[in-house]
Amino acid sequence: MSRPSAVGLAAGTEPLPDFPQLRQCPYQPPPGYRDLREAEGPVVRARLYDGRPTWVVLGHAVARELLIDPRLSSDWSRPDFPSPSPRRKAIQKATILVGMDPPEHSAYRRKLISAFSVRRTRELSESIHRRAGELVDTMLEQGPPAEILSGLALPLSSHTICGILGVPYEDHGYFEEQSALLVSPQVTEDDATGALMNLRTYLTGLVERKEKESEPGDGLLDTLVHRDLAEGSLSRDDVIRLGIILLMAGHETTASMITLSTFTLLQNPRQLAAFRADPAGAGLAVEELLRYLSIGDVAMRIAAEDITVGDVAIRAGDSVMLSTAEINRDAEVFDDADDLDLARGARNHFAFGYGVHQCIGQNLARAEMESALTLLFSRIPGLRLAVPAEQVEIKPAQSGVQGIYELPVAW
Ligand code: HEM
């Protein structure tokens, strides 16, 4: 395993490793994280893209402790709030909720929660399953070959979040393109800001149109406009910024998980055979894929006060980054943590985060993954990669959502 590259050498100081680092395999955490954890323990020092030092949390027990510690802040409006990349910095400026602390955060979250409840997701699961089936049927009619992201994962996740929010699905090409620009490795901070401005302009137009409607639709944005904006508990800017984060988080992450899960199962034939043989175990399988792949690999925080964890003294103002991917491979919590074991039943992973910011769309994501993967692998028994696995391009570490750009398949 290679050591992480040393950067920022200053006279008399130890060089610090980069954070984040690039995955060498789409479904494995960067090997440098394991080296660091083994050499230095569950909390290590590293350096961000802008040269700033950061703590990096790599162990499950420490992460559990820190993620519910109110002294660790998610407040992106703090001028020195850290970021793993220039692109993430731009996103941090344009969204709300995930970048806030209680009690402000709780007030916003309360307004959204019922649209993503277990009950609501259960009501939606039939239409999610139907839509996934239609997409797989279209793949069968038109292929082989086919491409999983554009043929199944993205249309399913975009269609679902559009329905929940009340965003017209015919606009999906536009918002998918702008969101993709944000995670593209070629994009500068200016380009990312431009893409976000476009998303903002799009959401502004949509919110203004909804304000003029005398018969509100039944999407979450309609409720926010006609209930919260109308009664003054949310501003127009709040609704727009909530719309941006929900639309982006709602399609990008789940699409990435479905695509990467497909690749990972195709690369693990024994697990794939077990998946096909036990449709009732699909829920457990999805949970294990979430743990194993951990695509939301960086949680960003800043210490609002001094915090001591174990023998590490984190000072107020210090950057703290958590690598969910490495945390979810902690051997003290998960037996044979580096093995993909679809029957494992591990629910105590942090693929959806932990604490007050735990993913609001997790029930939805699980339902979409379960439908997409079961239908794909049951209706296309001969599914295989259409290119050598080494040619599948890995997203950069800094993108925020790990995964692959596309997955050509045949059968
Ligand atoms: C497999 C797919 C998904 C993964 C892996 C994922 C992962 C995560 C993670 C790790 C967090 C916590 C971030 C932190 O602590 O800083 C989070 C928060 C969030 N996620 Fe997801 N997510 C997924 C799907 C979705 C979907 C479908 C939505 C739909 C709207 C969504 C909306 C959000 C929102 C709004 C937050 C912020 C919650 C808050 O701050 O209170 N996510 N997600």
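Residue indices begin at 1 and follow the sequence shown. Atoms within each ligand, like the ligands themselves, are counted from 1 in listed order.
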D335/R344 ion pair, N-O < 4.0 Å: no

Are the charged groups of E40 and R45 less than 4.0 angstrom apart, N to O?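 Result for this pair is no, no salt bridge flagged.
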
For [atom], closest protein heavy-atom neighbour:
| atom | result |
| --- | --- |
| atom 13 (C) of ligand 1 | V98 CG2, 4.1 Å |
| atom 32 (C) of ligand 1 | A249 CB, 3.5 Å |
| atom 24 (C) of ligand 1 | T253 OG1, 3.2 Å |
| atom 29 (C) of ligand 1 | G250 CA, 3.5 Å |
| atom 34 (C) of ligand 1 | I360 CG2, 3.7 Å |
| atom 6 (C) of ligand 1 | F352 CD2, 3.7 Å |

Show the atoms of ligand 1 that are less than 4.0 angstrom away from any heavy atom in [X].
| X | result |
| --- | --- |
| F116 | 29 (C), 30 (C) |
| V356 | 41 (O) |
| L246 | 30 (C), 35 (C) |
| M257 | 1 (C) |
| A351 | 5 (C), 7 (C), 10 (C) |
| T254 | 2 (C), 24 (C), 27 (C) |

Q358, R301, M300: member with heavy atom nearest to atom 14 (C) of ligand 1: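 Considering heavy atoms of Q358, R301, M300, the nearest to atom 14 (C) of ligand 1 sits in R301.
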
Counting only heavy atoms, tell me which of C359, S157, A115 gets closest to atom 8 (C) of ligand 1. C359

Heavy atoms only, cut-off 4.0 Å: how does [X] contact ligand 1, side chain, backbone, both, or neither?
| X | result |
| --- | --- |
| I295 | side chain |
| H105 | side chain |
| H357 | both |
| Y354 | neither |

For the student: nearest non-hydrogen atoms of P82 and M321, plus distance: CB-CE, 3.6 Å

Does a side-chain heavy-atom distance below 4.5 Å link L234 with Y108?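 Yes - at least one pair of side-chain heavy atoms lies under 4.5 Å apart.
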
Heavy-atom side-chain proximity of L16 to T54 below 4.5 angstrom: no

Apply side chain to side chain contact (heavy atoms under 4.5 Å, CB included) to residues R34 and E326 and explain how you reach the verdict. CA-CA 7 Å; R34 182 65 52 85; E326 191 56 35; 2.6 Å; yes

Which label fits Y169 and H172: parallel for a plane angle under 30°, tilted from 30 to 60°, or perpendicular past 60°?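 Ring orientation, 0 to 90° scale: parallel.
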
For atom CG of D80, decide whether the heavy atoms of other residues, nucleotides or ligands shown that lie under 6.0 angstrom number more than 12.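 Above 12, so yes.
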
Are R366 and F116 in a cation-pi contact, defined as NZ or CZ under 6.0 Å from the six-membered ring centre and within 45° of the axis?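 Geometry flag: not set, cation outside 6.0 Å or 45°.
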
Ring centroids only, cut at 6.0 angstrom: are H349 and F334 within range, meaning strictly under it?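 No: the rings miss the under 6.0 Å criterion.
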
